**Student:** 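Could you have a look at this structure, given as structure tokens, before my questions?
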Amino acid sequence: GSNVLRMSSGIQIKPKTAIQKSKPPSLLCSPEPATKPQPKPSDKLNPKTIDPFGAHSRPPSAFAAIYAKGGIPCRLMHGSVKHRLQWECLPETVPFDPLLVTLAEGLRETKHPYTFVSKEGFKELLMVEGAAEKAIPLLPRLVPVLKAALAHSDDEVFLRGLDALVQLSAVVGPALNDHLKHLLTNVSRRLMDKKFREKITVALQKLEQYGGKVS
């Protein structure tokens, strides 16, 4: 009888140890890093993979942190010719607050897929019906974020910020005029650079067009 008990207890112990061994993998937020070795957004948040002497050792932006947690309701769809975004729900149903501000934060990213998702997401969100009414109340929070993108040392970040500024102006119109003085200083600094001159000139013309005579 005691032998049977020992055998049964031994059998009972094995499932427990098996369960204990299976727990650690469940701590991962997503199985994607294991199946897709090339882009691992979680690596940006993992201190073990950050070079303390590297240029990207600073804390991630709000966008990178939220994206890594799956907090952005759209994802990059790779195409043979052109990439596009796939939204988890209709953009018309997504609250602009705080997503539009978060996407604007992402304009300062320099790593894929953050760069594409933030730029395309910001543009597509502003294209939905009623975007003006949703975006205007957010201008006091959007302007400092766009200003930071326009002041960035990376040329691509500056251009994304400039495009986003024009897109925002096209939607909110004269509502942006009072904020332009905070933004144009950083734009004018690049005006003397030949590679930006034409693009900045076109952008300023559009800002004047969308802002009306006051601008």
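This is a predicted model, so every value here is computed, not measured.
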**Student:** Would you call the rings of Y67 and Y114 parallel, tilted or perpendicular, where under 30° means parallel and over 60° means perpendicular?
**Tutor:**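 Correct class here is perpendicular.
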**Student:** Could you go through the side-chain contact (heavy atoms from CB on, under 4.5 Å) check for F122 and L142 one step at a time?
**Tutor:** CA-CA 11 Å; F122 188 86; L142 284 170; 4.2 Å; yes
**Student:** Between CZ of R189 and CG of L191, what distance do you get to the nearest 0.5 Å?
**Tutor:** 13.0 Å
**Student:** Return the minimal non-hydrogen interatomic distance between L165 and L176, and the atom names on each side.
**Tutor:**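 Heavy atoms of L165 and L176 come nearest at CD1-CD2, 3.7 Å.
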**Student:** Please determine if D163 and K123 form a salt bridge, counting it only when a charged side-chain N lies under 4.0 Å from a carboxylate O.
**Tutor:**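 Not counted as a salt bridge, because no side-chain N and carboxylate O are separated by less than 4.0 Å.
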**Student:** Any salt bridge linking D154 with R108? Criterion: basic side-chain nitrogen under 4.0 Å from a carboxylate oxygen.
**Tutor:** no
**Student:** Under the 3.5 angstrom rule, does the side chain of R160 hit a backbone N or O of K119 as a donor-acceptor pair?
**Tutor:** no
**Student:** Any side-chain heavy-atom pair from L126 and L100 closer than 4.5 angstrom?
**Tutor:**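 Yes. Closest side-chain heavy atoms under 4.5 Å.
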**Student:** Give me the atom names and distance for the closest heavy-atom approach of R190 to D155.
**Tutor:** NH1-OD1, 2.9 Å
**Student:** Say you draw a straight line from CD of E124 to SG of C74; how long is it, rounded to the nearest 0.5 Å?
**Tutor:** 7.5 Å
**Student:** Give a yes or no on whether L180 and V166 share a hydrophobic cluster (residues Ile, Leu, Val, Met, Phe, Trp, Tyr; joining criterion: side-chain heavy atoms under 4.5 Å apart).
**Tutor:**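 No, separate clusters.
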**Student:** State, to 0.1 Å, how close N177 and G211 come at their nearest heavy-atom pair, and which atoms those are.
**Tutor:**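 In terms of heavy atoms, the two residues are closest at ND2-O, 2.9 Å.
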**Student:** Kindly indicate whether the side chain of I200, heavy atoms from C-beta on, has any atom under 4.5 Å from the side chain of D193.
**Tutor:** no
**Student:** Could you report the tightest heavy-atom contact between L125 and P91, atom names first, then the distance?
**Tutor:** CD1-O, 3.9 Å
**Student:** With rounding to the nearest 0.5 Å, note down the distance linking NE2 in H179 to CG in L146.
**Tutor:**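 Interatomic distance, H179 NE2 to L146 CG, rounded to 0.5 Å: 11.0 Å.
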**Student:** Take a 6.0 Å sphere around CD of Q86 and say whether it holds more than 12 heavy atoms from other residues, nucleotides or ligands.
**Tutor:**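 Above 12, so yes.
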**Student:** Determine the minimum heavy-atom distance between A135 and F96, stating which atoms define it.
**Tutor:**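 Shortest heavy-atom separation between A135 and F96 comes out as N-CD2, 4.1 Å.
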**Student:** Between G161 and A149, what is the shortest heavy-atom contact and its length?
**Tutor:**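 Closest pair (atom of G161, atom of A149, distance): CA-CB, 4.1 Å.
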**Student:** Within the supplied structure, the quantity of interest is the number of heavy atoms (other residues, nucleotides, ligands) at a distance under 6.0 Å from M77 CE; does it exceed 12?
**Tutor:**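 Atom CE in M77 is packed in, count exceeds 12.
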**Student:** Is there a side-chain contact between F196 and L159 in this structure, where contact means two heavy atoms from C-beta onward sitting under 4.5 Å apart?
**Tutor:** yes
**Student:** Give the cluster check for L168 versus Y210: same hydrophobic cluster or not, with ILVMFWY residues linked at side-chain heavy-atom distances below 4.5 Å.
**Tutor:**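 No, separate clusters.
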**Student:** Working to the nearest 0.5 angstrom, can you tell me the gap between K134 NZ and E129 CD?
**Tutor:** 8.5 Å
**Student:** Report the C-alpha separation of L204 and L184 in whole Å, then their side-chain angles, then the decisive distance to 0.1 Å, and conclude whether the side-chain contact (heavy atoms from CB on, under 4.5 Å) test is met.
**Tutor:** CA-CA 9 Å; L204 292 175; L184 294 184; 3.8 Å; yes
**Student:** Side chains of L85 and F116: does their closest heavy-atom pair fall under 4.5 Å?
**Tutor:** yes
**Student:** Show your reasoning for whether side-chain contact (heavy atoms from CB on, under 4.5 Å) applies to I66 and E105.
**Tutor:** CA-CA 11 Å; I66 294 173; E105 285 273 3; over 6 Å; no
**Student:** Around atom CZ of R197, are there more than 12 heavy atoms of other residues, nucleotides or ligands at under 6.0 Å?
**Tutor:** yes
**Student:** Are side-chain heavy atoms of L103 and L99 found at a separation under 4.5 Å?
**Tutor:**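 In short, these two side chains touch, coming nearer than 4.5 Å.
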**Student:** How long is the straight-line distance from OG1 of T115 back to CD of E109, given to the nearest 0.5 Å?
**Tutor:** 8.5 Å
**Student:** Could you check whether any side-chain heavy atom of K199 comes within less than 4.5 Å of a side-chain heavy atom of L162, counting everything from C-beta outward?
**Tutor:** yes
**Student:** Between V157 and L107, is there a side-chain heavy-atom distance shorter than 4.5 Å?
**Tutor:** no
**Student:** Roughly how far apart are R84 CZ and R75 CZ, rounded to 0.5 Å?
**Tutor:** 9.0 Å
**Student:** Given side chains that start at C-beta, do those of D178 and L139 come closer than 4.5 Å, heavy atoms only?
**Tutor:** no
